[in-house]
Amino acid sequence: MTSLLGVLAALLLPVGTAQAAPVAEDCVAVTEGRYAGTFTAPGQTHCLELPSPQGARIAALTSRGGAGPTVQVEVADRNGTAQCTAGDLVRGECALTGTAPFRALVRADDTEATGPYGVHFVRTDVLQKDCQTLPAGTFADDSGTVRLETGNGVFSHCLTIPADAHSTSELLRVRYSLPDDADLFPDYAITMIDTDGNGPSCYTHPTPGQQLRTDGLTSCSFTEGKAYTVLLEGQDVPRGHTLDRRDVTATARGCVISAATTVGAPATTGTSGQSGTLRCHRITTAAATDRLHVDVRDAHDSTNMLIMNNAGGIACHPRTWACTPTGSTGYQVVTQAPESWSLPASYRLDAWRIATAAGPAADCPRVGSVAYGYGPLTGTLSEERTGVCAVLPSVSGDRFRADIAATDGGMHTPRPLLYSKAGTDLCMGRSPSYDCQGSDQSLYVLALPDRTERTAYRAELVCTSAPCGSEEVTVGTVTPTTVQSGTVATLTVQGTALGMSTTVNLTGGPATLTAKTVSVSDDARTLKATVDLRTAPAGNWNISVSALNHQYAAGTLTVTPPAVSGLGTYRPVTPTRLMDTRSGLGVPKAKVGQGGTVTLQVAGAAGIPASGVTAVVLNVTATDPTTGSYVSVFPDGTARTSASNLNFTAGQTIPNLVIVPVVNGKVAFYNNAGSVDLIADVAGYYTTDGSGSSYKPVTPARLMDTRAGQGVPKAKVGQGGTVTLQVAGAAGIPASGVTAVVLNVTATDPTTDSYVSVFPDGTARTSASNLNFTTGQTIPNLVIVPVVNGRVSFYNNAGAVDLIADVAGYYTK
């Protein structure tokens, strides 16, 4: 059977008028080609005797409008036996199986109509030399096009496609033009048929919003080794028709070839050309089981894409949004801005590998839980980073609200996609809120949208049917089981499907205490919450966990009396940098703003135990402040007082030694005004476990002065230079058993901006600093430094500087 290729297709070749000669009283003998006749009276039926032999197959094409009456044609054999219908004749399927000669019976649709008419006879079981060949074109140029006209008695044409001149799958393009003053709506059909009487399987791709397609695409599958006749039945009015065909299998010519990329990789760029211009991109992938995300983007959201697989089968019909083909190792992506659509100068083509046979793409991180949703995510999408992805442990029946916002004030936000394993996007709606359905292991994608090349975003998936995923809420252990009164304690809850809305309550005292949830692990199995026990009485408190309107008993918390006052004994450590807001060490990378506080975890870092620490010794440096201000260092979880540790002016860099109590394993840093970068280097810590050293004061005495050669050679300490000072056995310090020494160190007369580090003799110097100074400045700072081999060392980073060290005391076992 033949297939209708659709409206707006025409490739026509003028054919000479058939010669007629009377052969009988009622019939006129005709030849194959175009016959012109005239109805001289209403109701006439003309008999035309055909030259076609028994076994032939023919088409009879007539005008579908325009000049003259429209007619119907039927064919019968010499005995009057009907051979085929008018539809068979239009499609070229009229098989002459009866007894020759065969006769075509022609009558007007309107029985009252008179005037000239035409019938175009084409034999389709063999290729006709009078039918022009329709050549094959490429995507690299417009070669292979045929331009034809109708009107002035011409209403039909035929073309041929030789058996060895086509692939098994091709894309036919039909462009149609008509005068501005045309008042007859176009009506025509294009049919193809092979020499065995079979038509290719074709699909005409509609163009959204266009009743009259002036630029149409049709995909057809051809049989290898078969020749085809192309038939146009049109109108006897001035019309223009241009037809071309292109291979869309893996052997397609003129396609830009590139491999599928990881999610978010830069896109391939293409130029649009004139309106309607076809471009082709061949995308390859490693395995036929791979699933791709293919999308075309431009400034107007006008570029359509049609995707064919290696065999030329339709993987995605024309669309302007993402498609997820699978089943082939290569795809031909045909792009076009249809006629009358906004024409972009260029477009971007994303081709991401989002899944393999093993599951979602390995470059997409696996999310631990979606019990309450996922996110929020913040970031920026651009042509350098076109998308982000994550694999969600969702299940069928989950429902999410996807909230998307532009954080840069822009109008365009990323498009959220929630792909099932079958590659179906289960998100619906529009910015700023989408409704998304979960499936078994969904793939969440945020993609750069059309109309913009950059967007900063905040995106969050909120589970609207919590808990989402396969896990239900359970509560296991809560630790610790014993904490000290007078502190702010951190409780750790183990369970499943725990969320930030989960609360931990303590009952059994004068009033219920509610812990504040501060974090939940990615897999929603570990929750941390802080509870204020500074005024809580000692005793046993009942723990309950509240989640999703359910209460779960979780044991007992024993609150012990407050610790005995006093810091305990001192343990020095190798000076080490714990915090630097300039690089994000220990705390987020950002200056501390006006009224801002950052909290530093010290317990468990740089040789400091994870528990049992009562205080920590830090050299704190303020640098690059925007205005005059002060910094206070205080125990985490306690009320800050008016005490300050560092005072500075705009642009100044200044250090100071701080001894601060440790609560919850942390200390906090507060900045009063402007913004400032803060650095903290640890020198040691205090503990009550008896393992440390005790402080012994001495009468302050000068141990070192490079100006006079006291304690060290007489000379400034040069760039990258180090001097070593013997402290054990000097100025009342014992010759042995000394673990650390307390020095007031002064830098004077420096030749350039620099810093000085004081560190134990015989050890590797770290990045910690004790003094920061500018050219010509004299500045002191207190230093507590471990003593190794009875000595300490002084390092100068740049220029040259004189150094002075005065002892205040020492630590000993």
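Along the sequence shown, residues are numbered consecutively beginning with 1.
Partner Tyr457 forms a side-chain contact (heavy atoms from CB on, under 4.5 Å) with one of Leu446, Thr378, Asp408 and no other, that one being Leu446. Among the candidates Val598, Ile679, Val602, the single residue satisfying the side-chain contact (heavy atoms from CB on, under 4.5 Å) test with Met579 is Val598.
What you find for Pro635 and Val660 is that their closest heavy atoms are N-CG2, 3.9 Å.
Residues Thr724 and Ser793 bring a donor and an acceptor atom of their side chains to less than 3.5 Å of each other. A donor-acceptor contact closer than 3.5 angstrom is absent between the side chains of Lys528 and Thr490. Gln494 and Thr526 are linked by a side-chain donor-acceptor pair at a separation below 3.5 angstrom, with hydrogens and angles left out of the test. Side chains of Ser754 and Asn797: no donor on one and acceptor on the other come within 3.5 Å. Using modelled atom types and a 3.5 Å distance limit, the side chains of Thr558 and Asn540 yield a donor-acceptor pair. Using modelled atom types and a 3.5 Å distance limit, the side chains of Asn781 and Asn770 yield no donor-acceptor pair.
With contacts defined as side-chain heavy-atom distances shorter than 4.5 Å, the pair Pro572/Val787 does not qualify. A 4.5 Å side-chain heavy-atom check between Leu703 and Gln710 finds every atom pair outside the cut-off. Looking only at side-chain heavy atoms (C-beta outward), Ile784 and Asn619 stay at 4.5 Å or farther from each other. You'll find the side chain of Val478 stays beyond 4.5 Å of the side chain of Leu557, heavy atoms only.
Atom CZ of Arg454 is surrounded by 12 or fewer heavy atoms from other residues, nucleotides or ligands within 6.0 Å.
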- Start with the C-alpha distance between Arg702 and Asp806, add both sets of side-chain angles, then the distance that settles salt bridge (charged side-chain N to carboxylate O under 4.0 Å, His left out), and finish with yes or no. CA-CA 4 Å; Arg702 182 150 297 176; Asp806 302 321; 2.7 Å; yes
- Might you work through the side-chain hydrogen bond (donor to acceptor under 3.5 Å, both in side chains) test for Asp677 and Thr581, ending with a clear yes or no? CA-CA 6 Å; Asp677 276 311; Thr581 62; 2.6 Å; yes
- Check against side-chain hydrogen bond (donor to acceptor under 3.5 Å, both in side chains), Ser369 and Asp523: CA-CA 5 Å; Ser369 172; Asp523 60 5; over 6 Å; no
- side-chain hydrogen bond (donor to acceptor under 3.5 Å, both in side chains) assessment of Thr474 paired with Thr496: CA-CA 5 Å; Thr474 63; Thr496 57; 2.5 Å; yes
- Task: Give the intermediate values and the outcome of side-chain hydrogen bond (donor to acceptor under 3.5 Å, both in side chains) for residues Asn671 and Ser629.
- Result: CA-CA 7 Å; Asn671 173 42; Ser629 181; 2.9 Å; yes
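Rounding to the nearest 0.5 Å gives a distance of 8.5 Å between CG of Asp753 and OG1 of Thr653.
Between Lys716 and Asp749, at least one side-chain nitrogen of the basic residue sits less than 4.0 Å from a carboxylate oxygen of the acidic one, meeting the salt-bridge criterion.
Judged by a 6.0 Å distance limit and a 45° cone about the ring axis, Arg765 is positioned over the six-membered ring of Tyr795.
Relative orientation of the Tyr811 and Tyr570 rings is tilted, given thresholds of 30° and 60° on the angle between their planes.
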In a table with atom names and distances, give each donor-acceptor pair under 3.5 Å that connects a side chain of residues 498-512 to protein atoms at least two apart or in another chain.
residue	atom	partner	partner atom	Å
Thr502	OG1	Gly499	N	3.0
Thr502	OG1	Gly499	O	3.0
Asn505	OD1	Thr514	OG1	3.1

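Take Asp363 and apply the salt bridge (Lys or Arg N to Asp or Glu O under 4.0 Å) test, not counting sequence neighbours, and it matches no residue.
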